[in-house]
J.: 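Before anything else, here's the structure in question.
In what follows, chains are A, B, ... by sequence order, proteins preceding strands, each numbered from 1. Here the structure is a predicted model, which is why all the values come from computation and not from measurement.
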Number of protein chains: 2
Amino acid sequence: MEVRTVDTRERILDAGERLFMAHGYEGTSMRQITGEAGVNLAAVNYHFGSKESLMQEVFRRRLDWLNEERMRVLDALEVEAAGQPVKPSAIVDAFFGTLLRMAGDENRGGMTFLRLLGRTLTEPSEFIRAFLAHEYQAVMDRYKEALFRALPEVPKAEIVWRFHFMLGATSYAIAGTDALRLVTDWQIEEEDSTDRLDRLVPRLMSFLLGGLRAPLPQF
Amino acid sequence: MEVRTVDTRERILDAGERLFMAHGYEGTSMRQITGEAGVNLAAVNYHFGSKESLMQEVFRRRLDWLNEERMRVLDALEVEAAGQPVKPSAIVDAFFGTLLRMAGDENRGGMTFLRLLGRTLTEPSEFIRAFLAHEYQAVMDRYKEALFRALPEVPKAEIVWRFHFMLGATSYAIAGTDALRLVTDWQIEEEDSTDRLDRLVPRLMSFLLGGLRAPLPQF
DNA sequence: TTATGATTCATACGTTCGTTTTAATCATAA
DNA sequence: TTATGATTAAAACGAACGTATGAATCATAA
């Protein structure tokens, strides 16, 4: 069956996604990946060329759809607004909500990819940051522009900073099922993981919007 | 001179701090560290025992003071409040402001340690997370309790989540002089780096407080 | 059925890793 | 000055790393 080859590729991507999430790029070996995928060691270099290329493909597989979806949602919002600025809450939901709702879709990587992405945004490896910056460039510019129009009274530099803070809060929130225990060592109330994800979205949205619309700092 | 030995230790700690910040734990080799420190390769194992122990010592050197200082500041605030709850803004400043103001003190690690800490909070290595969770446990519990008292009308679970979001926004903000460019590829206005740090504190504080006091989410 | 190109496989390459060992060198106290 | 313990130095260890090679196996089309 010629399905076998695409099968091998996908098995490698799935294993890489999970292992990079769990142990980081440098902390994951090709032997771990091929071992977990149940394929031969040489398969990664045959199908992807190198470990770096594999890492990039792990991200491209998910990010292409995500960022296109973000563009589509913002397009729809701007059409709907008919020339008026789009509401900040709608922009924030289009960017961060779209991301978080990926976590419920196992076909798009689910929580695994979400946590990988969250961790990778602070990853030190140079080629990963360069790759992500390139992948994100266009969608970032679109969303910044939308926020500039939505909040004309707020200095642009301030909006850029707050976008940055929102990215951080989100990355950390999704990266950290484990790191979370640093804060909630004794969980206040028990919630199963699906419940937690369902509630994370509104919780995070409230926080992000509160921060975005906070009074401007006095220097 | 018997100063030489403590000199070697410190040179290794400084080099480790900088390199772990720049390339991560797995991405930094002992040969890089001893090379940059200008000491023999075996010196790390002689003075610290292992690479893991060195990493822990890099953190302990800075975190011991930081978390004690956080305790002292909160102590003072609670004495000053004389039984009344401490204001949320004061609590947030005591926790995050104390951290950020470390960045201006080169004797306490400055920006290098701050960025290392920011990145490490999402670091995948198991032993690092376990170590940090242990180091942070007591101070976290104190600050959570203070926030519970300061915001009696907010459910405790919600406060814990928002503390978590604040940690994320802060980590990312300090980790990311490079990742920042992902958002601000063309900088709106030029600011030199000291200016940027001076302004980061009030900017971040406004954002954090806005998020902490945002309206509660509707489920 | 056979030829062909794609894929899988076992194996090995050269490097680099963290660590260990043994000897040389240093500072200090008797 | 000499003996002693602490530190530094050079060299090597086995293990694990990413990658490359060439043969075996597979699916497919002529």
Side-chain angles (χ1 to χ4, degrees), chain A residues 1-59 61 116 120 123-128 130-131, chain B residues 1-59 61 116 120 123-128 130-131:
Chain A
M1 32 187 163
E2 65 95 27
V3 199
R4 187 60 206 280
T5 180
V6 65
D7 209 46
T8 297
R9 271 184 59 98
E10 294 255 312
R11 291 168 65 82
I12 292 173
L13 287 170
D14 289 343
E17 185 172 70
R18 203 195 68 77
L19 287 165
F20 288 144
M21 177 274 287
H23 307 117
Y25 176 75
E26 311 266 11
T28 301
S29 72
M30 318 234 60
R31 285 164 178 83
Q32 286 178 272
I33 295 172
T34 54
E36 177 159 320
V39 303
N40 188 271
L41 170 61
V44 171
N45 287 285
Y46 176 77
H47 285 283
F48 300 95
S50 68
K51 188 185 177 187
E52 285 201 6
S53 300
L54 168 61
M55 180 68 157
Q56 293 186 10
E57 199 53 37
V58 164
F59 276 96
R61 177 169 70 146
L116 172 62
T120 307
E123 176 91 16
S125 296
E126 189 56 48
F127 87 95
I128 300 177
F131 170 75
Chain B
M1 31 187 165
E2 66 95 28
V3 199
R4 187 63 205 279
T5 180
V6 64
D7 209 45
T8 298
R9 271 183 59 98
E10 295 254 313
R11 291 169 65 82
I12 292 173
L13 287 170
D14 289 343
E17 186 171 70
R18 202 195 68 78
L19 287 165
F20 287 145
M21 177 274 287
H23 308 117
Y25 176 75
E26 311 267 10
T28 302
S29 72
M30 318 233 61
R31 284 165 179 83
Q32 285 177 270
I33 295 172
T34 54
E36 177 158 321
V39 303
N40 188 272
L41 170 61
V44 172
N45 288 284
Y46 176 78
H47 285 283
F48 300 95
S50 68
K51 188 184 178 187
E52 285 202 5
S53 300
L54 168 61
M55 180 70 157
Q56 294 185 10
E57 200 54 36
V58 165
F59 276 96
R61 179 169 69 144
L116 172 62
T120 307
E123 175 92 16
S125 295
E126 188 56 48
F127 87 95
I128 300 177
F131 170 75

J.: May I have the distance from A:N45 (atom CG) to C:dA12 (atom C1'), rounded to whole angstrom?
T.: 14 Å
J.: When rounded to the nearest 0.5 angstrom, what is the spacing between CG in A:L116 and OH in A:Y25?
T.: 12.5 Å
J.: Could you give the distance from CG (B:L54) to CG (B:N45), rounded to the nearest 0.5 Å?
T.: 9.5 Å
J.: Expressed in angstrom and rounded to an integer, what is the separation of B:I12 atom CD1 from D:dT7 atom C1'?
T.: 11 Å
J.: Restricting to non-hydrogen atoms, name the atom on B:T28 and the atom on B:K51 that form the minimum distance, rounded to 0.1 Å.
T.: O-NZ, 2.7 Å
J.: Could you tell me the separation between the NE2 atom of A:H23 and the C1' atom of D:dA16, rounded to a whole number of Å?
T.: 16 Å
J.: Is any side-chain N or O of A:N40 closer than 4.0 Å to OP1 or OP2 of C:dA10?
T.: yes
J.: Tell me whether the OP1 or OP2 atom of C:dT16 has a side-chain N or O from B:S29 closer than 4.0 Å.
T.: no
J.: Within the structure shown, what part of the strands sits under 4.0 Å from B:S53 by heavy-atom distance: base, sugar-phosphate, or nothing?
T.: nothing
J.: Contact class for A:T34 vs. all strands (heavy atom < 4.0 Å): base, sugar-phosphate, or nothing?
T.: nothing
J.: Need to verify one output field. Residue with the more 5' nearest nucleotide on DNA chain D, A:Q32 or B:R31?
T.: B:R31
J.: With sequence neighbours left out, what residues match A:E36 under side chain to side chain donor-acceptor pair (under 3.5 Å)?
T.: A:R18
J.: Which heavy-atom pair separates A:S125 from A:E26 by the least distance, and what is that distance?
T.: OG-OE2, 3.6 Å
J.: At under 4.0 Å between heavy atoms, what does B:A43 touch on the DNA or RNA strands: base, sugar-phosphate, or nothing?
T.: nothing
J.: Would you mind reading off the distance between A:I33 atom CD1 and D:dC17 atom P, rounded to a whole angstrom?
T.: 11 Å
J.: For the side chain of A:M30, starting at C-beta, report the closest nucleotide among D:dT19, D:dA9, C:dT7.
T.: D:dT19
J.: Mind calculating the distance between NZ (B:K51) and C1' (C:dT19) to the nearest angstrom?
T.: 12 Å
J.: Output the single nucleotide from C:dT19, C:dA6, D:dA20 whose closest atom is nearest the side chain of A:A42.
T.: D:dA20
J.: Among the nucleotides C:dG18, D:dT8, C:dT8, which one has an atom lying closest to any side-chain atom of A:Y46?
T.: C:dT8
J.: OH of B:Y25 versus C1' of C:dC17: gap in Å, rounded?
T.: 11 Å
J.: Give the rounded distance in Å between these two atoms: CG of A:D7 and C1' of D:dC26.
T.: 15 Å
J.: Taking only Watson-Crick and G-U wobble pairs with both distances under 3.5 Å, what dot-bracket line describes DNA chain C, where [ ] shows pairs that cross earlier ones and | shows pairs with another strand?
T.: ||||||||||||||||||||||||||||||
J.: Nearest heavy-atom pair of B:M30 and B:L41: which atoms, and what distance?
T.: CB-CD1, 4.0 Å
J.: Using 0.5 Å steps for rounding, measure from the OG1 atom of A:T8 to the OH atom of A:Y46.
T.: 10.0 Å
J.: Of all the nucleotides listed (C:dT7, D:dA6, C:dT19), which has the minimum atom distance to the side chain of A:H47?
T.: C:dT7
J.: Within this structure, what is the CE-CZ distance for the pair B:M55 and B:F131, rounded to the nearest 0.5 Å?
T.: 9.5 Å
J.: Could you state the atom-to-atom distance from CG of B:L54 to C1' of C:dT19 in whole Å?
T.: 14 Å
J.: Between C:dT8, D:dT7, C:dC17, spot the one nearest the side chain of A:T8, thanks.
T.: C:dT8
